[in-house]
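Side chains are part of it too, since the values below use all heavy atoms of this structure and drop only hydrogens, waters and symmetry mates. Worth saying up front: this structure is predicted, and the values here are computed from it rather than measured. Along the sequence shown, the residues carry numbers beginning at 1.
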Amino acid sequence: MLKPFLNEYLAMYQDVPTKFNMEISQETVTQIIDGIRSHRINLGFIAINDSNKAEIHDLEFKPVHAGHLKLFLSPDNQLVKKQKINIEDLQKQRFALFNDPYNDRIFEHLQYLCGPLKTVIKTDDGWAMYTTIKKANAVALVRDWQTSYSSYEPLQKLPSLDISNLIDDRFYLGWLTNPKYTTSRYTQEFIKHVDAQIKDC
């Protein structure tokens with residue numbers, strides 16, 4: 001999910017004074033929340049759903065895009081032919097999961113509904129996710145926005161299925177800040193340019 005952030009940073013790097021400095025790093029949602037709360041991080045970009053919003057009650061969240069969690073799968077998977085999936089369908093699948101504590105909670109909820117589900121891999125790597133889906137005929141719980149901006153483009157071409165009949169699949173992407181911290185003019189410019197990319201997706 002680094003593409004829009006890194007592209008805008010590199011563009012700004014050419015145009016702004018050398019005193020401008022920003023470090024971009026990938027961390028889990030919980031690490032970002034803790035980092036902003038402790039002032040280790042000044043600005044974060046997170047995905048969050050309604051059931052987890054209470055965890056950021058003391059911070060400022062500015063949503064810029066709404067999305068859905070979907071089931072991504074191989075074109076060879078029999079589920080591709082279905083209009084709507086059910087619990088029995090999920091019980092027959094093997095899952096590939098991205099490392100994400102909020103997705104883990106949703107997966108736990110699915111296991112509450114379905115019973116134990118088989119997990120093949122947990123990873124942060126797009127290639128590993130894609131390869132597991134294709135070669136092990138696994139399915140993956142992935143946010144639609146994650147695949148749209150994946151640095152591993154084959155992920156963008158996988159078919160996906162709606163799972164809103166089983167879970168609340170909605171989430172919001174946005175900027176998280178500590179209200180005690182004021183962002184610089186250059187950071188605000190960076191946010192504006194990234195927002196424009198995300199809103200177009």
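Judged by distance alone, the side chains of Asp144 and His68 never bring a donor and an acceptor atom under 3.5 Å apart.
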After noting the C-alpha distance and the side-chain angles of Ile106 and Asn49, does the key distance pass the side-chain contact (heavy atoms from CB on, under 4.5 Å) rule? CA-CA 10 Å; Ile106 291 170; Asn49 57 22; 3.9 Å; yes
Would you please test Asn99 and Thr28 for side-chain contact (heavy atoms from CB on, under 4.5 Å) and show each step? CA-CA 8 Å; Asn99 289 315; Thr28 67; 5.8 Å; no
Set out, in order, the CA-CA distance, both residues' side-chain angles and the distance that settles side-chain contact (heavy atoms from CB on, under 4.5 Å) for Asp124 and Gln26, then state yes or no. CA-CA 10 Å; Asp124 289 319; Gln26 282 182 294; over 6 Å; no
Could you walk me through whether Ile33 and Leu176 pass the side-chain contact (heavy atoms from CB on, under 4.5 Å) check? CA-CA 8 Å; Ile33 292 170; Leu176 190 68; 3.8 Å; yes
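Asn137 CG to Asn77 CG: the interatomic distance, rounded to the nearest 0.5 Å, is 4.5 Å. Note that the CD1 atom of Ile163 and the CG atom of Asp89 stand 12.5 Å from one another [nearest 0.5 Å]. Considering CG of Leu158 and CG of Leu71, their distance stands at 11.0 Å, rounded to 0.5 Å. Once rounded to the nearest 0.5 Å, the distance linking CG of Asp100 with OG1 of Thr30 reads 8.5 Å. Expressed to the nearest 0.5 Å, how far CD1 of Ile48 lies from OH of Tyr102 amounts to 4.0 Å. The distance from atom CZ of Arg40 to atom CD of Gln31, rounded to the nearest 0.5 Å, is 7.0 Å.
Linking ILVMFWY residues whenever their side-chain heavy atoms come closer than 4.5 Å, directly or via other members, leaves Ile32 and Phe45 in distinct clusters. In the hydrophobic cluster analysis, where Ile, Leu, Val, Met, Phe, Trp and Tyr join through side-chain heavy atoms closer than 4.5 angstrom, Tyr181 is grouped apart from Ile41. In the hydrophobic clustering of ILVMFWY residues, with side-chain heavy atoms under 4.5 Å counting as a link, Ile36 and Tyr172 come out together. Follow the hydrophobic side-chain contacts under 4.5 Å out from Met129 and you never reach Val120; the two are in separate clusters. Leu59 and Val29 fall within a single hydrophobic cluster, where Ile, Leu, Val, Met, Phe, Trp and Tyr are joined by side-chain heavy atoms under 4.5 Å apart, directly or via other members.
Closest heavy-atom contact between Arg94 and Ala136: NH2-O, 2.6 Å. Counting all heavy atoms, side chain and backbone alike, Arg37 lies closest to Asp58 at NH2-OD1, 2.7 Å. Nearest heavy atoms, Ala128 versus Asp125: N-OD2, 2.7 Å. Counting all heavy atoms, side chain and backbone alike, Ser74 lies closest to Ile133 at N-CG2, 3.4 Å. Contact detail for Ile56 and Phe61: the closest heavy-atom pair is CD1-CB, 3.7 Å.
Cation-pi check for Lys122 over Phe107 is not met; the charged atom does not lie both under 6.0 angstrom from the ring centroid and within 45 degrees of its normal.
Under the 4.5 Å side-chain criterion, counting only non-hydrogen atoms from C-beta, Lys134 is in contact with Pro75.
Within a 6.0 Å sphere centred on NZ of Lys82, heavy atoms belonging to other residues, nucleotides or ligands number more than 12. By the 6.0 Å contact criterion, CZ on Arg170 is open, its count of non-hydrogen atoms from other residues, nucleotides or ligands being 12 or less. Remark: Lys53 NZ is packed, more than 12 non-hydrogen atoms of other residues, nucleotides or ligands lying under 6.0 Å away. Counting non-hydrogen atoms of neighbouring residues, nucleotides and ligands closer than 6.0 angstrom, the CD atom of Glu27 exceeds 12 such neighbours. Sparse packing is recorded around CZ of Arg185, with 12 or fewer heavy atoms of other residues, nucleotides or ligands lying under 6.0 Å away.
Between Ile85 and the options Val139, Leu73, Leu161, Asp162, a side chain to side chain contact (heavy atoms under 4.5 Å, CB included) holds for only Leu161.
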Under 3.5 Å, sequence neighbours excluded: what are the donor-acceptor pairs made by side chains of residues 108-118?
| from | atom 1 | to | atom 2 | distance (Å) |
| --- | --- | --- | --- | --- |
| Gln111 | OE1 | Leu117 | N | 2.9 |

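The existence of a salt bridge linking Asp195 and Lys192 is excluded, since no basic side-chain nitrogen approaches an acidic carboxylate oxygen closer than 4.0 Å.
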